[in-house]
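By convention here, the first residue in the shown sequence is residue 1.
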Amino acid sequence: MFDISIYDRHGFAVSGPVLSASELAEARETVDLLHRRALSGEDPDLAAECVFERDQPDSKRDGRSLPEDRDAVFILGDPTRFAPSLLDLLRNATLLDIVGQTHGTPDFVVHFANITSKAPSIGSGINWHRDFPNKYICPAEPLMVRTMICLDGMSEETGATQFFSGSHLPETGSGSRHRSISAACAPGAVVAIHPLVLHGGAPNASESPRRNIIVQWGAADCPLVTEMRESLTGKHVRDLKVLSS
């Protein structure tokens, strides 16, 4: 299901599906509802947590201009604040086991969550970057992992995340010398991302959506050094079970 040795070697690893067909269908419906509410403007607080495609430069769509009659949500922050049912995904036993394996301990907390989507034909790409350090919610040390719950799966056509294999290892130096690997995966799979691996992704030029629920998890005893906080920031894994009951 999940091979920690692959994660250690490449800086990322992909699991098999961890969600059932019904869980996937419910999650997609919830995400689509949040997107519609944000785009309609009926919920200003929700819209304030979003980054929209209209705010992205054409360069992130390989130079293609956004049609005047099109828009989409690119990133929706703090999603469980607006849809508490999504907490059930965060407490998925297999997901939490994957996070525990990457940390080497069950003692970890949530830093933040978001929904990153690449809408059909207009979804923006993501520049090459490392998750640590970051300017949003960042721990003092790279004792963290980001997971992507891939509601639609990922393919090269939909803009699957690409990784420079081994670029998280200190002896390898610049990622430019390393092989780029695509994290193609099935719907419901989880991708675990090392905080120091170099990764990015192309825009979505296909007619299929690519919706991922992103969660950053950190070691419980490693303090945060940035001021931003979300509704789940600092919640221990045991707290998620209470919140979603």
Side-chain angles (χ1 to χ4, degrees), residues 1-4 7 12-35 37 46 49 73 75-117 131 134 136-139 143-154 161 183 185-195 210-224 228-245:
M1 175 62 79
F2 180 80
D3 191 334
I4 190 64
Y7 175 86
F12 79 101
V14 181
S15 79
V18 306
L19 302 179
S20 68
S22 61
E23 288 172 325
L24 276 174
E26 182 177 351
R28 290 168 182 157
E29 183 177 350
T30 299
V31 169
D32 288 346
L33 176 60
L34 289 174
H35 283 180
R37 285 170 54 194
L46 175 59
E49 294 290 341
V73 177
I75 298 174
L76 190 156
D78 207 0
T80 62
R81 173 184 163 200
F82 304 96
S85 64
L86 293 175
L87 283 166
D88 288 338
L89 302 184
L90 273 62
R91 62 188 290 260
N92 176 278
T94 304
L95 170 66
L96 296 179
D97 179 67
I98 289 170
V99 177
Q101 288 187 61
T102 64
H103 278 294
T105 172
D107 195 21
F108 52 85
V109 298
V110 179
H111 288 165
F112 68 85
N114 71 50
I115 302 168
T116 298
S117 302
D131 292 336
N134 69 74
Y136 184 53
I137 297 180
C138 188
L143 301 176
M144 52 171 265
V145 64
R146 284 190 190 173
T147 55
M148 299 192 296
I149 307 172
C150 304
L151 300 184
D152 306 292
M154 293 194 295
T161 304
C185 63
V190 170
V191 180
I193 304 173
H194 191 283
R210 201 217 76 169
R211 295 161 289 191
N212 289 348
I213 296 177
I214 314 295
V215 188
Q216 181 174 298
W217 314 82
D221 59 355
C222 186
L224 296 174
M228 186 65 71
R229 298 291 185 272
E230 290 189 357
S231 61
L232 292 183
T233 303
K235 298 295 184 184
H236 196 278
V237 58
R238 59 177 172 264
D239 298 321
L240 294 179
K241 297 178 181 179
V242 174
L243 288 169
S244 59
S245 62

Next on the checklist: Test side chain to side chain donor-acceptor pair (under 3.5 Å) on Asp107 and Thr105; report intermediate values, then the result.
Outcome noted: CA-CA 5 Å; Asp107 195 21; Thr105 172; 5.3 Å; no
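- Thr116 contributes atom OG1, which lies 4.5 Å from atom CD1 of Ile214 (distance to the nearest 0.5 angstrom).
- Shown here for Ser117 and His35, the closest heavy-atom pair between the two residues is OG-CE1, 3.2 Å.
- The closest side-chain heavy-atom distance from Val109 to Asp239 is not below 4.5 Å.
- Nearest approach of Phe12 to Ala183, heavy atoms of both residues: CE1-CB, 4.0 Å.
- For the atom pair CG of Leu87 and OG1 of Thr80, the computed distance is 4.5 Å after rounding to the nearest 0.5 Å.
- At distances below 3.5 Å, at least one donor-acceptor pair connects side-chain atoms of Ser15 with backbone N or O atoms of Val190.
- Within the structure, salt bridge (Lys or Arg N to Asp or Glu O under 4.0 Å) pairs that include any residue of residues 75-86 comprise Glu49-Arg81 (at least two apart or interchain).
- Taking SG of Cys138 as the start and CG of Leu224 as the end, the distance is 8.0 Å to the nearest 0.5 Å.
- Using the six-membered ring where Trp is involved, Phe112 and Tyr136 have ring planes that are perpendicular, over 60° apart on the 30 and 60° scheme.
- Heavy atoms only, all atoms of each residue included: Ala192 and Thr102 are closest at CB-CG2, 4.3 Å.
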Checklist entry - Passes side-chain contact (heavy atoms from CB on, under 4.5 Å), Leu95 versus Leu89? Steps please. => result CA-CA 8 Å; Leu95 170 66; Leu89 302 184; over 6 Å; no
Next on the checklist: Applying side-chain contact (heavy atoms from CB on, under 4.5 Å) to Ser85 and Thr30, what does each step give before you reach the verdict?
Outcome noted: CA-CA 8 Å; Ser85 64; Thr30 299; 4.0 Å; yes
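- Interatomic distance, Arg91 CZ to Arg238 CZ, rounded to the nearest 0.5 Å: 15.0 Å.
- Residues satisfying the side chain to side chain contact (heavy atoms under 4.5 Å, CB included) test with Leu33, not counting sequence neighbours, are Arg36, Arg37.
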Next on the checklist: For Val99 and Val237: C-alpha separation, side-chain torsions, deciding distance, then whether side-chain contact (heavy atoms from CB on, under 4.5 Å) applies.
Outcome noted: CA-CA 10 Å; Val99 177; Val237 58; over 6 Å; no
Let me check something: any side-chain donor-acceptor pairs from residues 143-154 under 3.5 Å, sequence neighbours excluded? List them with distances.
| unit_1 | atom_1 | unit_2 | atom_2 | d |
| --- | --- | --- | --- | --- |
| Arg146 | NE | Gln216 | OE1 | 2.8 |
| Arg146 | NH1 | Asp131 | OD1 | 3.1 |
| Arg146 | NH2 | Gln216 | OE1 | 3.0 |
| Thr147 | OG1 | Trp217 | NE1 | 2.9 |
| Asp152 | OD1 | Arg211 | NE | 3.3 |
| Asp152 | OD1 | Arg211 | NH2 | 2.6 |
| Asp152 | OD2 | Arg211 | N | 2.7 |
| Asp152 | OD2 | Arg211 | NE | 2.9 |

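- Nearest approach of Phe108 to Leu96, heavy atoms of both residues: CZ-O, 3.7 Å.
- Residue Glu23 places its CD atom among more than 12 non-hydrogen atoms of other residues, nucleotides or ligands, all under 6.0 Å distant.
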Next on the checklist: side-chain contact (heavy atoms from CB on, under 4.5 Å), that's the test. Do Ile115 and Leu86 meet it? Break it down for me.
Outcome noted: CA-CA 11 Å; Ile115 302 168; Leu86 293 175; 4.2 Å; yes
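- With Asp97 contributing its side chain and Gly100 its backbone, the two residues share no donor-acceptor pair below 3.5 Å.
- Enclosure of atom CE in Met1 by more than 12 non-hydrogen atoms of other residues, nucleotides or ligands within 6.0 angstrom is indicated.
- Here CG of Leu240 is found 10.5 Å from CG of Asp88. Values are rounded to the nearest 0.5 Å.
- Rounded to the nearest 0.5 angstrom, Thr94 OG1 and Leu19 CG are separated by 9.0 Å.
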